[in-house]
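Let me begin by presenting the structure, written as structure tokens, before commenting on it.
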There are 2 protein chains.
Amino acid sequence: MTRDLPTSLLMFIASRAASERIFRAVQEAGFTDLTLAQGRLMMGMEPDGSRLSTLADRGQIAKQTATALVDKLERAGYVERVPDPSDGRARLVRFTSRALAVLPIARAEEARIEAEWRAHLGAERMDQLRDALTALREVTDPHRPPHQA
Amino acid sequence: MTRDLPTSLLMFIASRAASERIFRAVQEAGFTDLTLAQGRLMMGMEPDGSRLSTLADRGQIAKQTATALVDKLERAGYVERVPDPSDGRARLVRFTSRALAVLPIARAEEARIEAEWRAHLGAERMDQLRDALTALREVTDPHRPPHQA
DNA sequence: CAATCTAGTTCGATCATAGAACTACCGCAA
DNA sequence: TTGCGGTAGTTCTATGATCGAACTAGATTG
């Protein structure tokens, strides 16, 4: 009876469920001022700080959007902007200690989800799933990872 | 070198790419007033019309959100609200002929994507992918499809 | 040094989203 | 049949995300 859903929709369902769970975990840990979009941006940051354009590019959002998100994150004390020593125009967005307290929570929930999925599917199917999804990046990810020969 | 991304993020990447493509195809066919959220709502409609609450529930959005989306779709001439004969409180949201012109375009692009992915992965891996994703619905989809014995 | 490009910001507009409170209607139960 | 609790949908209002356009400051190149 369950009609055949498009593959992309199946992905959407699962990935949204994961997002929601991580978001909830963070909320329940007391970080109630973080939004989903802000969290997503933070997950794309490098440990030593990232440029705004890099974040925008990586998240496939406009620079203005990234600016707005970083503004709010900064006001809430999760990130700070420091000058980029290698380029006077640029600034690096860096985690504050507050952010460093959130990240493990998000990562832990992420790991829990991954484990549950693996338990539900079995190791083999989970590996196949990851394999297929990874291969699909070659045709779906604008930040195509370097073709590993 | 490509660090190991969470499975849910891999799904997000691919599903967003698909959304974008379908959205663009619809835009390029001249339907420039449709937004992504509106399109998603339409894709969740039944051919004979759906109740607003059903759409909200299915799309995991609040009733108010669904109302707002339907308002815009109605103003743009894609759907109409008709009384639900079986319940005086309810109304059915139904496609207009304008919507019936868009749907095939979206579905065609969807099919094209599906075909490309299958070509890229090979039939076997694509089947495994769909199999795993479908199984995951049991733990990620609030509208859990009936467990088929 | 001048022309040009790039990083980031600001302004302004639109869309998506949901909490709260409301109206109209349904269904059931005394 | 009357009345009360629940449901469908809407309106009001507020917030967040998003981006086009236009701008500033610093970098780059010929």
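Predicted model, so just to flag it, every value in this text is computed and none were measured.
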Atom pair distance, as rounded to whole Å: [atom1] in [X] and [atom2] in [N]:
X	N	atom1	atom2	value
Asp87(B)	dG27(C)	CG	P	6 Å
Leu52(B)	dA18(C)	CG	P	13 Å
Arg75(A)	dT9(C)	CZ	P	12 Å
Asp84(B)	dC26(C)	CG	P	10 Å
Arg81(A)	dT9(C)	CZ	C1'	9 Å

Listed pairs, N/O of protein and of nucleotides 3-6 of chain C, under 3.5 Å:
{"unit_1": "dT6(C)", "atom_1": "O4'", "unit_2": "Arg89(A)", "atom_2": "NH1", "d": "3.1"}
{"unit_1": "dT6(C)", "atom_1": "O2", "unit_2": "Arg89(A)", "atom_2": "NH1", "d": "2.8"}

Nearest heavy atoms of Arg130(B) and Pro6(A), plus distance in Å |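 So the two residues come closest at NH1-C, 3.8 Å.
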Do side-chain atoms of His120(A) reach the backbone of Ala135(B) as a donor and acceptor pair under 3.5 angstrom?
->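 Yes, because the side chain of His120(A) sits within donor-acceptor range (under 3.5 Å) of the backbone of Ala135(B).
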Reckon Thr67(A) has a side-chain N or O less than 4.0 Å from the OP1 or OP2 of dG8(C)?
->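 No.
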What nitrogen or oxygen pairs link the protein and nucleotides 11-16 of chain C at under 3.5 Å?
{"unit_1": "dA16(C)", "atom_1": "OP1", "unit_2": "Thr35(B)", "atom_2": "OG1", "d": "2.2"}

Partners of [X] by side-chain contact (heavy atoms from CB on, under 4.5 Å), sequence neighbours excluded?
X	result
Ala29(A)	Phe31(A), Ile105(A)
Ala62(B)	Gln64(B), Thr65(B)
Thr35(B)	Ala37(B), Gln38(B)
Gln128(B)	Gln128(A), Glu124(B), Arg125(B)

Tell me the salt bridge (Lys or Arg N to Asp or Glu O under 4.0 Å) pairs involving [range], sequence neighbours left out?
range	value
residues 25-43 of chain A	Asp33(A)-Arg98(A)
residues 59-76 of chain B	Asp71(B)-Arg81(B), Glu74(B)-Arg81(B)
residues 6-19 of chain A	none

Please list, chain by chain and in numerical order, all residues satisfying salt bridge (charged side-chain N to carboxylate O under 4.0 Å, His left out) with Glu20(A), sequence neighbours excluded.
->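 So Glu20(A) forms no salt bridge (charged side-chain N to carboxylate O under 4.0 Å, His left out) with any residue.
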Taking salt bridge (charged side-chain N to carboxylate O under 4.0 Å, His left out) as the test, write out the residues that go with Arg21(B), two or more places apart.
->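 Arg21(B): salt bridge (charged side-chain N to carboxylate O under 4.0 Å, His left out) contacts with Glu109(B), Glu116(B).
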Extract, from 5' to 3' on DNA chain D, the first and final nucleotides lying under 4.0 angstrom from some heavy atom of chain A.
->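 Result: dG16(D) to dA27(D).
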